[in-house]
Amino acid sequence: MKTKCLAMLLALVMQGGVTMAQPKSRILEDGGTGPYKAVMTEVEGLKEHTVFVPQDLSKFNAQNPLPVLVWGNGACSNSPFEHMNFLNEIASHGYIVMATGVIPMDDGWYRGPMSRTEQQIESIDWVYAQNADPKSPYYQKIDVKNLCVAGMSCGGLQTLFNCADPRIKALMICNSGLFNQQNAGQAVGGMPMPPKEKLKEIHTPIMYLLGGPEDIAYENGMDDFHRIDHVPACAANFPVGHGGTYRQPHGGEFTVVALAWLDWQLKNKAEGAKMFKGKDNDLQKRKDWTLEKNAKME
């Protein structure tokens, strides 16, 4: 009987009746509006992570590698379902985005377990390993020296928890900020709760991307910003509240500013810098945006 079953299984494989499980993937918004059409995918051997990356990797090599954005989700969600338009659009402009959590294969609400702060470190470890592995499709195609860690709400707290990692080149804290003793009771259970002293461990430029005074994280984020005087820091506000514009087509206004920050910090692009530098910066010309900078950024 065993021999017969094995023979039948072999026949199915030979006929294409049995296929190995392939990594899940999904094309969002026709791959984004950037010059490199992106795909959202899971990768073998890296559980609880989602990758957003240009579909055609042949355009990237050691001379033109992909800078890295490592992302943590709002509500400590273990899926980037709320931010996939935003992250996909960034990838389409020539980035590899490593998002915490399982790939969202539909537009439904994620209701599984919460994410862990260590997942961001796992993402960093993974891109370093893939870039160094001759067997990887990402071999010498990732710019591991230009890596930004970012996150929204709880994901921002996770980012600040991990801020001391020396591999980080820049930080982006979205709709988030560290709680202080007076309002710590407002935090959702399971969130990382580093003290304000954690800000002293930041060693890179940092941007706070906030939703204005209506954002429940506004006071925490602005308090963080006003405490940071040892590295370049800025706070960009757009009055849309805590939810930001991530779910809008291509991530909305938040994508525009986030991309400028990444282009400046990770690609050293003058156009990105113009969004923030000087009194006549481009951000102040965009409707409803405000920008504050510390002395280190002026």
Side-chain angles (χ1 to χ4, degrees), residues 29 32-35 38 52 67-74 80 82-95 97 99 146-153 155-156 159-160 169-177 204-215 217-218 220-222 224-225 228 231-294 296-298:
E29 299 188 307
T33 68
F52 299 79
V68 184
L69 174 64
V70 173
W71 179 262
N73 310 303
E82 284 192 286
H83 311 109
M84 54 189 179
N85 289 356
F86 170 78
L87 300 175
N88 184 74
E89 183 65 20
I90 289 172
S92 78
H93 288 264
Y95 290 88
V97 180
N146 282 292
L147 183 151
C148 177
V149 180
M152 183 265 180
S153 194
T159 298
L160 290 166
K169 179 75 176 295
L171 294 168
M172 185 166 65
I173 309 301
C174 304
N175 309 97
S176 189
T204 68
I206 182 170
M207 175 178 69
Y208 283 80
L209 186 58
L210 303 169
E214 301 87 355
D215 187 343
Y218 174 81
N220 288 352
M222 292 305 295
D224 281 7
F225 163 70
I228 298 170
V231 297
C234 67
N237 270 281
F238 188 58
V240 290
H242 192 58
T245 66
Y246 309 101
R247 295 175 70 96
Q248 293 180 14
H250 310 295
E253 277 289 305
F254 272 35
T255 306
V256 176
V257 178
L259 264 174
W261 177 254
L262 296 171
D263 283 350
W264 179 23
Q265 298 300 321
L266 305 187
K267 295 186 177 181
N268 198 29
K269 284 190 173 183
E271 281 299 309
K274 286 171 60 179
M275 185 71 77
F276 306 95
K277 292 186 70 173
K279 294 182 179 179
D280 192 32
N281 58 77
D282 287 350
L283 189 56
Q284 69 177 10
K285 301 172 186 177
R286 299 189 71 85
K287 181 175 170 43
D288 295 330
W289 280 96
T290 60
L291 179 67
E292 295 183 46
K293 300 177 285 185
N294 71 0
K296 290 281 187 180
M297 186 164 284
E298 291 293 352

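- In this structure, L160 CG and I206 CD1 are separated by 5.5 Å, a value rounded to the nearest 0.5 Å.
- The shortest heavy-atom contact between G74 and S153 is CA-CB, 4.0 Å.
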Distance-only donor-acceptor hits, side chain of residues 277-284, under 3.5 Å, sequence neighbours excluded:
| from | atom 1 | to | atom 2 | distance (Å) |
| --- | --- | --- | --- | --- |
| N281 | OD1 | L283 | N | 3.3 |
| N281 | OD1 | Q284 | N | 3.0 |
| N281 | ND2 | G278 | O | 2.9 |
| Q284 | NE2 | K279 | O | 2.8 |

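- Taking SG of C234 as the start and NZ of K296 as the end, the distance is 15.5 Å to the nearest 0.5 Å.
- Between W71 and F52, the distance from one ring center to the other does not fall under 6.0 angstrom.
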### Message
Run F225 and E292 through side chain to side chain contact (heavy atoms under 4.5 Å, CB included) and show every step you take.
### Response
CA-CA 9 Å; F225 163 70; E292 295 183 46; 3.7 Å; yes

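- In terms of heavy atoms, S92 sits closest to A38 at N-CB, 3.9 Å.
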### Message
Between Y208 and N220, does the side-chain hydrogen bond (donor to acceptor under 3.5 Å, both in side chains) criterion hold? Intermediate values first, please.
### Response
CA-CA 10 Å; Y208 283 80; N220 288 352; over 6 Å; no

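- Nearest approach of N294 to V231, heavy atoms of both residues: ND2-O, 2.8 Å.
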#### Entry: Test side chain to side chain contact (heavy atoms under 4.5 Å, CB included) applied to L259 and I90, step by step
CA-CA 6 Å; L259 264 174; I90 289 172; 4.1 Å; yes

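- Here D215 contributes atom CG and N237 contributes atom CG; the two are 7.5 Å apart, rounded to the nearest 0.5 Å.
- The shortest side-chain heavy-atom distance between N146 and Q265 does not fall under the 4.5 Å cut-off.
- Across every non-hydrogen atom of G94 and P67, the tightest pair is O-CD, 3.4 Å.
- Taking the side chain as every heavy atom from C-beta outward, I173 and D224 never approach each other to under 4.5 Å.
- The shortest side-chain heavy-atom distance between F238 and V257 does not fall under the 4.5 Å cut-off.
- For E253, the side-chain hydrogen bond (donor to acceptor under 3.5 Å, both in side chains) partners two or more places apart in sequence, or in a different chain, are R286, W289.
- Two residues are said to be in side-chain contact when any heavy atoms from C-beta on lie closer than 4.5 Å; V240 and F254 meet this criterion.
- Formation of a donor-acceptor pair under 3.5 Å by the K293 side chain with backbone atoms of F276 is found in this model.
- To the nearest 0.5 angstrom, L87 atom CG is 6.5 Å from L69 atom CG.
- Listed by first and then second residue, the side-chain hydrogen bond (donor to acceptor under 3.5 Å, both in side chains) pairs that reach into residues 243-252 are E29-H250, E89-H250, N175-Y246, sequence neighbours excluded.
- Counting heavy atoms from C-beta outward, E82 and N73 have side chains that stay 4.5 Å or more apart.
- Residue A233 comes nearest to I228 through the heavy atom pair CB-CG2, 3.9 Å, listed as atom of the first residue, atom of the second, then distance.
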### Message
Go through it in stages, so that I can follow the logic: the residues are V256 and M275, the test is side chain to side chain contact (heavy atoms under 4.5 Å, CB included), and I'd like the CA-CA distance, side-chain angles, deciding distance and then a yes or no.
### Response
CA-CA 10 Å; V256 176; M275 185 71 77; 4.0 Å; yes

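- The environment of NZ in K274 is sparse: at most 12 heavy-atom neighbours from other residues, nucleotides or ligands sit within 6.0 Å.
- M207 and A236 get closest at one heavy-atom pair: SD-CB, 4.5 Å.
- For the pair E271/D263, no side-chain contact is recorded, criterion being any heavy-atom separation below 4.5 Å from C-beta on.
- At least one side-chain heavy atom of W261 sits less than 4.5 Å from a side-chain heavy atom of P205.
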